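FYI, side chains are in, hydrogens and waters are out, and symmetry mates aren't considered; it's all heavy atoms of this structure. None of these values were measured; they are calculated from a predicted model. Just so we're on the same page: letters track the sequence lines, and every chain starts at 1.
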Number of protein chains: 2
Amino acid sequence: MGTALNALKLLDYFSNARPEIGLSLLARLSGLNKATALRHLRALEEFGLIEQNPMTKSYAIGPAALRLAALREIARPGIESARQKMQAAMQIVGESLHLSLLEKNGLQTTLVVETTQHSVRVSLDPSEMLPLNATASGLCMLSFGPAHLRVQLDQDVQVQFTESTLTDPKLIKEQVAQIGISGWANSSGSYEDGVFGYAAPIFGIDQIALGTIAIAVPESRATSDRLPEILSALHALSTDMTADFGGQLPDTFPTEFHP
Amino acid sequence: MGTALNALKLLDYFSNARPEIGLSLLARLSGLNKATALRHLRALEEFGLIEQNPMTKSYAIGPAALRLAALREIARPGIESARQKMQAAMQIVGESLHLSLLEKNGLQTTLVVETTQHSVRVSLDPSEMLPLNATASGLCMLSFGPAHLRVQLDQDVQVQFTESTLTDPKLIKEQVAQIGISGWANSSGSYEDGVFGYAAPIFGIDQIALGTIAIAVPESRATSDRLPEILSALHALSTDMTADFGGQLPDTFPTEFHP
DNA sequence: CGTTATTGGTTCAATAAATGAACCTCGTTA
DNA sequence: TAACGAGGTTCATTTATTGAACCAATAACG
């Protein structure tokens, strides 16, 4: 049921690591028949969501994506000013930032601003779904997001990404409780080795987190003396962006973050 | 033929003026049966390209648009730096800018940067297709774009938008020839009364324009003393953005724009 | 107030559209 | 040159899409 949806799902196979995909590979990845995949691609191409490289014959996301994003910005403003705030914060902190929003299927990285100040940087994939148990953003979301996320915690099996990934629901809940008090979350290589993350919530009108803002730092620069700077930037972004999205901070939310 | 495409076409009814649409209206606009429209909307919603406002029950473009735009930026970089350049130019010139790219169906406004310096400003709709005969961008595209556009000029009927819209193919061709020499195009209320436009081409690797960059000025500020400033900004954007998009200026392209 | 339109959404038989195995052609590789 | 995998096509079979009528709920109206 849902031909249109099946066609759209092809778009999910494009990612940072694989921005262009050929017909055969895409058919294999999606499990669809080549003919079906091709017909879907043609439909998407006609709309502009897919573009075929005339030389390589490979397919990539098309220009219509940009138009729709602009339209989205009109319907639900916030991203544009978020981008600017993140860019400004990036200049000060000198690290990559990413904004993630809670969507139907999970926590989606929506906006990435990479640092221009270091060649060793954390590079995030905007097509990625963030695991709640293994990332600072995810833990933050568990702590400040809708209750059903915490309920599901006991049901779902938590994936182990690295040695330091938390998978025991009990340990995760302890972390989450701690984050509820401090207001910010951090992760030390629990998703990817060598990547430290610091995240803070962005609240909706109902004082429940609708997304997170996070700073990702490579291990080599994740020294404790940089923490105050990072936390101060994070707190400012958290409060400012909550306001931008028309949300409201809970009364119990700390007025500043402490290490 | 093409269910997926029909579903996607629903997205085309969203615009600056109508960012949220209810089921019945959308069915009427698209000519689809309500049941069909609903099924399509549900499919799009599941993918995240559509989002339903739980209060008003109206539909709007969803968050997946942003994710796809980010993916597009990876596959075909350029927009992000284009945005920054346009923002910088906006600060200097103090007027709204828009980038339009030639897509399958015509010239699409892809990126809009509105001026923050004046309350009277030109506000563009990113979902709009620009008519080639009535806008500075369109004329510019006719002049520097692929040859088939000029061929079609004789076949298609040119729409008259205002009193000063050019509709005679002969007159249009004269204009286009002139633009080919000067390098930039302008329009004086030929699309919308009271809006002056100035546009310059952005070239692809084949030295054929793949898009245009334009500055839109309300009539009240479109005085001749501001022209040098506008043209200088336009020329810089034209050459810089051609480079950003991996393109090449034709050898005959002027090194600066003259009134 | 009762009436009338209009909204979002559902149902189900009729039908039109999607599907997939096999096939074709062409460029690479062994 | 033979084998392979690439992109793409064909067409009988099957499956999902379609749309008129219908329902419940809300808004508009005399």
Atom-to-atom span, [atom1] of [X] to [atom2] of [N] - whole angstrom:
X       : N      : atom1 : atom2 : answer
B:Leu32 : D:dT17 : CG    : P     : 14 Å
B:Leu10 : D:dT18 : CG    : P     : 10 Å
A:Arg39 : D:dT15 : CZ    : C1'   : 13 Å
B:Leu41 : D:dT18 : CG    : C1'   : 15 Å
B:Asn6  : D:dT17 : CG    : C1'   : 11 Å

Counting N and O atoms only, with roles assigned by atom type, does the side chain of A:Thr242 sit under 3.5 Å from a partner on the main chain of A:Ser238, one being a donor and the other an acceptor?
->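 Such a contact is found between A:Thr242 side chain and A:Ser238 backbone.
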
Reading nucleotides 7-14 of chain C 5' to 3', which nucleotides get B (base under 4.0 Å from a protein heavy atom), which S (sugar-phosphate only), which -?
-> SBBBB---

Does [X] make a side-chain N or O approach to OP1 or OP2 of [N] shorter than 4.0 Å?
X       : N      : value
B:Thr36 : D:dT17 : no
B:Thr3  : D:dA16 : no
B:His40 : D:dT18 : yes

State whether the number of non-hydrogen atoms from other residues, nucleotides or ligands found under 6.0 Å of A:Glu192 atom CD is greater than 12.
->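 Result for CD/A:Glu192: open.
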
Side-chain contact test, heavy atoms from C-beta onward, threshold under 4.5 Å: evaluate it for A:Arg76 versus B:Ile61 and give yes or no.
->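 No; the side chains remain at least 4.5 Å from each other.
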
Side-chain contact, heavy-atom cut-off 4.5 Å: A:Thr239 with A:Leu249?
-> yes

Does the ring of A:Phe47 carry A:Arg67 above it, NZ/CZ under 6.0 angstrom from centre and within 45° of its axis?
-> yes

Could you tell me the separation between the CG atom of A:Leu8 and the CG atom of A:Leu49, rounded to the nearest 0.5 Å?
->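 The distance works out to 7.5 Å.
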
